[in-house]
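Counting from 1, the numbers follow the sequence of the chain as shown.
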Amino acid sequence: MQFNFKEIFTVFMVLFAVIDIVGNIPIVIDLRKKAGHIQSEKASLIAGIILIIFLFLGKSILNLIGIDVNSFAVAGAFILFFIALEMILGITLYKQDENTSMTTAVFPLAFPLIAGPGSLTTLLSLRAEFSIENIIVAVLMNVIIIYIVLKTSSRIERFLGANGINIVRKVFGVILLAIAVKLFAHNIKALFDIV
């Protein structure tokens with residue numbers, strides 16, 4: 001086992017950009033309002049576990065059920081697209097009978113927002129370039145950042161205020177929509193190239 005700090009930093013920055021927990025603050029605040037409380041520890045831990053399991057078994061799991069990485073990413077792009085629409089238009093598409101803090105911690109927070117198709121497919125591509133132990137350290141560093149942001153989301157909300165949250169929500173909704181479109185376009189093209 002040999003840790004390379006340059007590799008760890010590179011992987012950390014790539015994952016940080018893809019997970020975009022800072023950009024997801026408006027969604028976190030919105031989910032907290034719906035559920036009443038978010039279990040930050042559980043959400044961070046579950047997201048970290050999903051990311052590490054997918055790092056080792058991702059391609060095998062997808063192959064086992066007959067799904068290629070591109071199809072997985074296209075499906076994830078749809079989820080991101082609808083979440084972005086909720087943010088921009090101020091509508092609710094995802095309805096849940098029981099808005100408990102535990103179910104919110106798992107879905108949609110841990111998956112697909114944090115450990116979503118973007119971060120999972122990114123992990124598969126990072127594995128081809130970097131060593132496993134460096135990727136694991138970078139994932140754990142991201143999980144710590146995610147936990148801090150989730151834990152302080154109410155303070156961030158107070159700092160920004162209601163109007164600030166609405167502006168940030170709409171801006172990041174457009175950014176998330178652009179990410180969804182890019183993810184869809186890139187992977188649908190790859191699917192047609194395969195066929």
Undergrad: When you group the ILVMFWY residues by side-chain heavy-atom contacts below 4.5 Å and let the links chain together, are V171 and V149 in the same group?
TA: yes
Undergrad: Going by salt bridge (Lys or Arg N to Asp or Glu O under 4.0 Å), name the residues that satisfy it together with R32, two or more places apart in sequence or in a different chain.
TA: E157
Undergrad: With side chains defined as the heavy atoms from C-beta onward, is the minimum distance between F56 and I132 less than 4.5 Å?
TA: yes
Undergrad: Can you confirm whether I114 sits close enough to S119 that some side-chain heavy atom of one is under 4.5 Å from a side-chain heavy atom of the other?
TA: no
Undergrad: With a 4.5 Å limit on heavy-atom distance, are the side chains of L140 and I52 in contact?
TA: yes
Undergrad: So, taking the atom named OG1 in T10 and the one named CG in N4, what distance separates them when rounded to the nearest 0.5 Å?
TA: 8.0 Å
Undergrad: Would L62 and K59 count as a side chain to side chain contact (heavy atoms under 4.5 Å, CB included) here? Give the steps.
TA: CA-CA 5 Å; L62 293 179; K59 213 165 189 174; 5.9 Å; no
Undergrad: Restricting to ring-ring contact (aromatic ring centres under 6.0 Å, His included), what partner residues turn up for Y147, sequence neighbours left out?
TA: none
Undergrad: Rounded to the nearest 0.5 Å, how far does CD1 of I19 lie from OG1 of T122?
TA: 8.5 Å
Undergrad: Is any side-chain heavy atom of L15 closer than 4.5 Å to a side-chain heavy atom of L123?
TA: yes
Undergrad: Of all the heavy-atom pairs spanning L85 and I91, show the shortest one and how long it is.
TA: O-CG1, 4.2 Å
Undergrad: Is V181 reachable from L183 through a run of I, L, V, M, F, W or Y residues, each pair having side-chain heavy atoms under 4.5 Å apart?
TA: no
Undergrad: Would I148 end up clustered with L51 when hydrophobic side chains under 4.5 Å apart are linked, directly or stepwise?
TA: no
Undergrad: How far apart are the closest heavy atoms of V11 and A138, and which atoms are they?
TA: CG1-CB, 3.5 Å
Undergrad: Group every Ile, Leu, Val, Met, Phe, Trp and Tyr by side-chain heavy-atom contacts under 4.5 Å, then state whether I144 and V137 land in the same group.
TA: no
Undergrad: Check for me, please, whether L64 and L55 land in the same ILVMFWY cluster - side-chain distances under 4.5 Å, paths through other members count.
TA: no
Undergrad: Do V106 and F111 come within less than 4.5 Å of each other through their side chains, counting heavy atoms only?
TA: no
Undergrad: In sequence, state the C-alpha distance, the side-chain angles, and the governing distance for D68 and S71, and then conclude on side chain to side chain donor-acceptor pair (under 3.5 Å).
TA: CA-CA 6 Å; D68 58 279; S71 300; 2.9 Å; yes
Undergrad: Counting C-beta onward and ignoring hydrogens, is there a side-chain heavy-atom pair between L120 and L124 closer than 4.5 Å?
TA: no
Undergrad: Rounded at 0.5 Å granularity, tell me how far CD1 in I135 sits from CD in E129.
TA: 9.0 Å
Undergrad: May I ask you to test the I136-E133 pair for a side-chain heavy-atom distance under 4.5 Å?
TA: no
Undergrad: What's the spacing between L113 CG and L31 CG if we round to 0.5 Å?
TA: 6.5 Å
Undergrad: Considering all heavy atoms of both residues, which atom of L150 and which atom of A43 are nearest to each other, and what is their separation?
TA: CD1-CB, 3.8 Å
Undergrad: Provide the closest heavy-atom pair for A47 versus A110 in the form atom of the first, atom of the second, distance.
TA: N-CB, 3.9 Å
Undergrad: Working to the nearest 0.5 angstrom, can you tell me the gap between I29 CD1 and I38 CD1?
TA: 9.0 Å
Undergrad: Anything under 30° is parallel, anything over 60° is perpendicular, the rest tilted; go ahead and classify F12 against F16.
TA: parallel
Undergrad: Just verifying a value: how many Å separate I175 CD1 and K170 NZ, rounded to the nearest 0.5 Å?
TA: 14.0 Å
Undergrad: Would N134 and S131 count as having a side-chain donor-acceptor pair, cut-off 3.5 Å?
TA: yes
